[in-house]
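First comes the structure, then the notes that go with it.
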2 protein chains.
Amino acid sequence: MLDKKEKRTKQSVNREVLESRILRAAEIVFASKGFSGSSMERIAEIAKISKQNLIYYFPNKDLLYRRVLKEMLDIWIEKLSFLEVQGETPEVIIRRYVSEKMALSRLYPNGSKVFAHEIISGAPVLKEYLISHLKPQFDRDVILVKSWINKGLIDCVDPEHLFFTIWAATQTYADFSVQMEVLLGKNTLEEADFQRAEDAVTEFVVRALGAKKK
Amino acid sequence: MLDKKEKRTKQSVNREVLESRILRAAEIVFASKGFSGSSMERIAEIAKISKQNLIYYFPNKDLLYRRVLKEMLDIWIEKLSFLEVQGETPEVIIRRYVSEKMALSRLYPNGSKVFAHEIISGAPVLKEYLISHLKPQFDRDVILVKSWINKGLIDCVDPEHLFFTIWAATQTYADFSVQMEVLLGKNTLEEADFQRAEDAVTEFVVRALGAKKK
DNA sequence: AATAAAATTTACCAAAAGGTAAAAATTGAT
DNA sequence: ATCAATTTTTACCTTTTGGTAAATTTTATT
């Protein structure tokens, strides 16, 4: 095998398909029960393979769990760099940030719930990651917001807690969706609900920053 | 036994003490692992009794879980009626509401986490409760906020999503405390952190409503 | 067609978990 | 002191669970 990229035989394609089916199944189960409450048997059932076959692809539960978390974090990291595009106003950057965070709740509710279970449980697996990856990025973003304040571009707000509030307000549409469905009297949150939610949250944040109304 | 209230013998007092010790232990374990992930053995261990003795007091795990949830909900219901005191402005009411919700996160982080696990897991136990108790109260509160808008007391905001954001922004200080500790570089959230958080969240909400700054 | 590699199934297993049943110990009331 | 009620411990039991090991079947390569 001299090729870097492996040959895409029928077998290897099937493998990929099956692996991602397993990961989706695992995501569903972990989202519903957290790590300790989930069983390999149940994951296999949802992936429509035998437990032993599941173990063939992911030799243990821990590994599978970490893969599910990693998949989600990779997406978040990619979509959630709070990068400053030249010439953009804070308001534009913040609006995009809220919008993208909300899109993640809408598109990856299960991954989001897995993450939530993990953090609520004390982040036994992710703590190191939070320290090594999230904190540095957070510190940079806080500094950026502070610079906006110093330049008078936005009102004086608490930068750390601004982020906490944005995260909470957007993530809640994935994690607590059942509660909202009940309160809004719907079976599932639809596209329109997410749009209203995004508008509402965006407006709250923009007002908090003292930017003018849209 | 003609007396309605039972005699407070040494035994009955001990029983109460032990029961509440068990409930606190259960809260800790359920908060950390959710229902399915928690074991009676572990709860007994933390309550410092044997598993069999735990089962003597709470004959099964389901019952114990429901008791823990009920305890938390009773507190919430009591503290979180969004009642309109005569002559109070919306701003005062909202400030108190945020303040009390934040106090619950500070004072009952474990109960809050148990609730979060339950909702994220699809509210298998609490769904009925949400429908029968929370929704009616929510509907009333939404109507109240709408009336404020109609009277021009606050700006035009989305009442439903206003509540969702307030809940999320306050609850996150209980549920995601580990993440914040990492990001703020602290071992635990202290009184001062909660005070800052409360000020920040309150300010966000008050601004969103278009009330004047404090 | 034959052989190697990959995928799936079958057969088990030890530990953990939720409980039941009953014996033993402790406490309360007379 | 005695007897009943309560509490705690001891002994088990069944089901679930994560995982090993090996046999079997399917697929790819020559």
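To find a chain, count down the sequence lines: A is the first, B the second, and so on, and within it residues start at 1.
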Residues that B:Arg66 engages under salt bridge (Lys or Arg N to Asp or Glu O under 4.0 Å), provided they are two or more places apart: B:Asp62
Under 4.0 angstrom between B:Ser50 side-chain N/O and D:dT8 OP1 or OP2: no
Interatomic distance, A:Arg42 CZ vs D:dG18 P [rounded to whole Å]: 13 Å
Only distances under 3.5 Å count here; give the side-chain donor-acceptor pairs of residues 114-125 of chain B to other protein atoms, sequence neighbours excluded, each with its distance to 0.1 Å.
unit_1   : atom_1 : unit_2   : atom_2 : d
B:His117 : ND1    : A:His117 : ND1    : 2.9
B:His117 : NE2    : B:Ala31  : O      : 2.9
B:Glu118 : OE1    : B:Tyr65  : OH     : 2.6
B:Glu118 : OE2    : B:Val125 : N      : 2.7
B:Glu118 : OE2    : B:Leu126 : N      : 2.8
B:Ser121 : OG     : A:Ser32  : O      : 2.7
B:Ser121 : OG     : B:His117 : O      : 2.8

Residues that B:Phe194 engages under ring pair (Phe, Tyr, Trp, His ring centres under 6.0 Å), provided they are two or more places apart: none
Acceptor/donor pairs from residues 105-112 of chain B side chains to any protein atom, 3.5 angstrom cut, sequence neighbours excluded:
unit_1   : atom_1 : unit_2   : atom_2 : d
B:Ser105 : OG     : B:Thr170 : O      : 2.9
B:Arg106 : NE     : B:Glu191 : OE2    : 3.2
B:Ser112 : OG     : B:Gln171 : NE2    : 3.1
B:Ser112 : OG     : B:Asp175 : OD1    : 3.2

Atom pair distance, as rounded to whole Å: CG in A:Asn53 and C1' in D:dT25: 12 Å
Distance test, side-chain N/O of A:Tyr57 to OP1/OP2 of C:dT8, below 4.0 Å: yes
Closest non-hydrogen atom pair between A:Ala208 and A:Val157, with its separation: O-CG1, 3.3 Å
N/O (side chain, B:Arg15) to phosphate O (OP1/OP2, D:dT7) under 4.0 Å: yes
Phosphate OP1/OP2 of C:dT8 contacted by A:Tyr56 side-chain N/O (<4.0 Å): no
Interatomic distance, B:Glu19 CD vs D:dT6 P [rounded to whole Å]: 14 Å
Atom pair distance, as rounded to whole Å: CZ in A:Phe58 and C1' in C:dA7: 15 Å
Sugar-phosphate only, base, or nothing, as touched by A:Ile49 at under 4.0 Å among non-hydrogen atoms: nothing
Would you tabulate the nitrogen or oxygen pairs shorter than 3.5 Å linking the protein to nucleotides 14-21 of chain C?
unit_1 : atom_1 : unit_2  : atom_2 : d
C:dG18 : OP1    : B:Ser38 : O      : 3.2
C:dG18 : OP1    : B:Lys61 : NZ     : 2.9
C:dG18 : OP2    : B:Met40 : N      : 2.9
C:dG18 : N7     : B:Lys51 : NZ     : 2.7
C:dG19 : OP2    : B:Lys61 : N      : 2.8
C:dG19 : N7     : B:Lys51 : NZ     : 3.3
C:dG19 : O6     : B:Gln52 : NE2    : 3.1
C:dT20 : O4     : B:Gln52 : OE1    : 2.6

Listed once per pair and sorted, the salt bridge (charged side-chain N to carboxylate O under 4.0 Å, His left out) pairs that draw on residues 176-187 of chain B, sequence neighbours left out: B:Lys186-B:Asp193
